[in-house]
Structure formats: structure tokens, C-alpha cells
Amino acid sequence: MEGILTFDCYGTLLNTAPIYEAVEAIAKKHGLDGKAVGGVFSSYEDRLMYGEDYIPYDALILRALEYCDFEMATDIFRSGYDQILSVHENIIPLPDVMETLRALHERGYELALMSNSAWSIMQHNLKAFDGLFQNVILAQDVHAYKPQLAFFRYAEEMLKLKEREHWHIAKGYWWDIRPCTRMGWRKIWVNRERKKGMEKFLPYDEVHALDEVLKIIP
């Protein structure tokens, strides 16, 4: 049976810290609490993903910045949109990623990405992976963000996952591990922050760095 590995992207493979650091830097430049504004930005990202009708991720970033201006009573964050977008387009893989992806590819697995992103951003992010991903499924394709099951059902059908040996590999517990449990998928939680998982979302394998999956996947 041909094997396929599906991956979450942001946080699992690509280091997203520079995005939030850039938002915080704009705040600090204007004498605001960077950590507080970073929390506002992150909070509105989630609200816009799950509390309103679908909008593409690039447009969602702009709206989240507009809400930062709203919350902080400023007009500085919206004007930083191009800067934040550029940072997002140029984030790079975490240190344990590329060697692991190459090893899994050499073992004969097809690699696929499942990401809450838009093509205008992902076309840049994909350059960091040296063509290792044969399939990419984005929220823009499904008009739904993970953890909505519509995303996972779309991937299951498109990639014919029921007919193949498959693992889903992700850092996001709420975004990926929880819905994978509902789908009955085999999964590996990349618990980089060493959080405590929930028994009700078992079974899954747990690793603390991506290269540890090489001990689990033959």
C-alpha cells in the first residue's frame, strides 16, 4: 500500500514566531505593550477564522491588524500590513524540519501539506521546502479553516486517504489532533511545548521534535 504523510504547516514545519515579533515590534516602536498587542492580533486571527464567514487568510491578516488599531485606539497597524505579509511570506523551516522531510521522502512516502493559508502566501512559503511536497491543500481551496471537519473530509477524498497507509503530523492540538480523532486518522502530535494532552483525543503518538517521527514511521 502506497504511503502518504499529511502535515500541518505553520508551527509544525515553519517557524511563525517572526510574524508575531513583527507585530510586537510595530507596537513597541509606538510606545505600546508589544506582548499585549501580539495577543490581540492572535486573538482576532482566531475570531475571524471561526466566528465569521470564510475570508482568505491574506485578507484575514489585514482585518486582524485593523482590529489591533481598534483595540489600541491607533492607526498604525493597518499601515504595517505589507510588512507583516512580507514577513509571513519569508518565514523559514524550524531546525529539525528539512532533514526529516528529506528522510521521509527517501523512504518513499508522498508528502502533503494541509494549511490554514492562502495561495498568495503559500506560493512563497513552499519555496522553503525544495519541492518535497507533492500535494498542498489550503483553507482557500475548501473555504473552511481547520479544525472544521470539512477541511479534513476534503483532504481525505482528494488524497484518497482511506485507500492508503497514512499518518497526519501536526503541532496544533485543537486545529489538527482533535479533528483527526473524529476522522479516525492515525496521527502524530508534535508537542514542541510539552503540553499535557487529553485522554479523550487518544490514540496518537507524541513527539517533542519533528525528527522523532523517524522512529515511528517505518
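For the numbers below, each heavy atom of this structure counts, side chains included, while hydrogens, waters and symmetry mates do not. Along the sequence shown, the residues carry numbers beginning at 1. These figures come from a predicted structure and were not determined experimentally.
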Worked check of side chain to side chain contact (heavy atoms under 4.5 Å, CB included) between Arg63 and Glu52: CA-CA 12 Å; Arg63 289 197 192 177; Glu52 297 190 9; 3.7 Å; yes
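- Between Tyr67 and Phe41, every side-chain heavy-atom pair lies at or beyond the 4.5 Å cut-off.
- With Ser42 contributing its side chain and Gly38 its backbone, the two residues share no donor-acceptor pair below 3.5 Å.
- A donor-acceptor pair under 3.5 Å is absent between the side-chain atoms of Asp141 and the main chain of Ile137, judged by distance alone.
- Using a distance-only test at 3.5 Å, with no hydrogens or angles considered, a donor-acceptor pair links the side chain of Lys187 to the main chain of Pro203.
- The environment of His124 atom NE2 is dense: over 12 non-hydrogen atoms of other residues, nucleotides or ligands sit within 6.0 angstrom.
- A chain of hydrophobic side-chain contacts below 4.5 Å, direct or via other Ile, Leu, Val, Met, Phe, Trp or Tyr residues, connects Val213 to Leu132.
- For the pair Thr6/Ile169, no side-chain contact is recorded, criterion being any heavy-atom separation below 4.5 Å from C-beta on.
- In this structure, Phe151 and Met114 have side chains that are in contact, with non-hydrogen atoms separated by less than 4.5 Å.
- Contact annotation: the side chain of Tyr173 never approaches that of Glu193 to less than 4.5 Å [non-hydrogen atoms, C-beta and beyond].
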Decide yes or no on ring pair (Phe, Tyr, Trp, His ring centres under 6.0 Å) for Trp174 and Tyr50, but give the supporting numbers first. CA-CA 12 Å; Trp174 185 73; Tyr50 311 118; 5.0 Å; yes
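- Put simply, the side chain of Glu66 does not reach to within 4.5 Å of the side chain of Tyr81, judged on heavy atoms.
- Minimum heavy-atom separation, Gly80 to Leu65: C-CD1, 4.4 Å.
- In this structure, Ser86 contributes its side chain and Gln83 its backbone to no donor-acceptor pair below 3.5 Å.
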Might you work through the side chain to side chain contact (heavy atoms under 4.5 Å, CB included) test for Ile26 and Val37, ending with a clear yes or no? CA-CA 9 Å; Ile26 294 173; Val37 174; over 6 Å; no
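- Within the 4.5 Å cutoff, no side-chain heavy atoms of Glu99 are placed close to those of Asp211.
- In this structure, CH2 on Trp189 lies 14.5 Å from CZ on Arg178, to the nearest 0.5 angstrom.
- Atom CD in Glu21 sits 11.0 Å away from atom CD1 in Ile84 (nearest 0.5 Å).
- Annotation for Trp185 and Leu161: closest pair CZ2-CD1, 3.5 Å, computed over non-hydrogen atoms.
- Residues Glu157 and Lys162 are not paired through a salt bridge, judged by the lack of any N-O separation under 4.0 Å between the basic side chain and the carboxylate.
- Under the 4.5 Å side-chain heavy-atom criterion for Ile, Leu, Val, Met, Phe, Trp and Tyr, Leu5 and Met158 are members of distinct hydrophobic clusters.
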Let me check something: any side-chain donor-acceptor pairs from residues 9-16 under 3.5 Å, sequence neighbours excluded? List them with distances.
{"from": "Tyr10", "atom 1": "OH", "to": "Ser117", "atom 2": "OG", "distance (Å)": "2.8"}
{"from": "Tyr10", "atom 1": "OH", "to": "Asn125", "atom 2": "OD1", "distance (Å)": "2.7"}
{"from": "Thr12", "atom 1": "OG1", "to": "Asp8", "atom 2": "OD2", "distance (Å)": "2.8"}
{"from": "Thr12", "atom 1": "OG1", "to": "Lys171", "atom 2": "N", "distance (Å)": "2.8"}
{"from": "Asn15", "atom 1": "OD1", "to": "Ala17", "atom 2": "N", "distance (Å)": "3.1"}

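- Residues satisfying the ring-ring contact (aromatic ring centres under 6.0 Å, His included) test with Tyr54, not counting sequence neighbours, are His143, Tyr145.
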List the steps and the verdict of side chain to side chain contact (heavy atoms under 4.5 Å, CB included) for Val207 and Asn191. CA-CA 6 Å; Val207 298; Asn191 184 11; over 6 Å; no
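- With values rounded to the nearest 0.5 angstrom, Glu110 atom CD is found 13.0 Å from Glu165 atom CD.
- Checking side-chain atoms of Glu212 against main-chain N and O of His208 turns up a donor-acceptor pair under 3.5 Å.
- Of the N and O atoms on the side chains of Arg186 and His166, not one donor lies less than 3.5 Å from an acceptor on the other residue.
- Here Tyr44 pairs with Arg47, Glu71 under the side chain to side chain donor-acceptor pair (under 3.5 Å) rule; sequence neighbours left out.
- Inter-residue side-chain proximity for Leu138 and Val136 is flagged as met; some heavy-atom pair is nearer than 4.5 Å.
- Asn116 contributes atom CG, which lies 9.5 Å from atom CE of Met122 (distance to the nearest 0.5 angstrom).
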Can you check side chain to side chain contact (heavy atoms under 4.5 Å, CB included) on Met98 and Phe129, steps first, answer last? CA-CA 7 Å; Met98 291 306 297; Phe129 294 123; 3.9 Å; yes
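- Nearest approach of Ile177 to Ala170, heavy atoms of both residues: CD1-O, 4.2 Å.
- Not a single donor-acceptor pair under 3.5 Å links the side chain of Asp75 to the backbone N or O of Asp69.
- One hydrophobic cluster holds both Trp175 and Leu113 under the rule that ILVMFWY side chains link at heavy-atom gaps under 4.5 Å.
- Side-chain heavy atoms closer than 4.5 Å link hydrophobic residues (I, L, V, M, F, W, Y) into clusters, and following such links, even through other members, never connects Val142 to Leu60.
- By the 6.0 Å contact criterion, CZ on Arg192 is enclosed, its count of non-hydrogen atoms from other residues, nucleotides or ligands being greater than 12.
- Atom CD1 of residue Ile92 and atom NZ of residue Lys127 lie 15.5 Å apart, to the nearest 0.5 angstrom.
- In this structure, the separation between CG on Leu126 and CZ on Phe133 is 8.5 Å, given to the nearest 0.5 Å.
- Here Lys215 does not pair with Asp205 in a salt bridge; the nearest charged N to carboxylate O distance is not below 4.0 Å.
- Using modelled atom types, one side-chain atom of Asp96 and one backbone atom of Leu210 make a donor-acceptor pair closer than 3.5 Å.
- In this structure, the side chain of Arg107 engages the main chain of Ile217 through a donor-acceptor pair within 3.5 Å.
- Side chain to side chain, Ser120 and Asp58 meet the donor-acceptor criterion of an N or O pair below 3.5 Å.
- Side-chain contact check for Asp176 and His168: at least one donor-acceptor pair (N or O, by modelled atom type) lies under 3.5 Å.
- For the pair Trp167 and Leu104, the minimum side-chain heavy-atom distance is 4.5 Å or more.
- Inspection of the His30 and Thr74 side chains reveals no N or O donor paired with an N or O acceptor under 3.5 Å.
- At least one donor-acceptor pair closer than 3.5 Å links the side chain of Gln140 to the backbone N or O of Trp119.
- A single hydrophobic cluster is not seen to contain both Ile188 and Ile4; linkage of ILVMFWY side chains at heavy-atom distances under 4.5 Å, directly or through other members, places them apart.
- Side chain of Arg102 to main chain of Val97: no donor-acceptor pair is present (N/O by atom type, distance under 3.5 Å, no hydrogens or angles).
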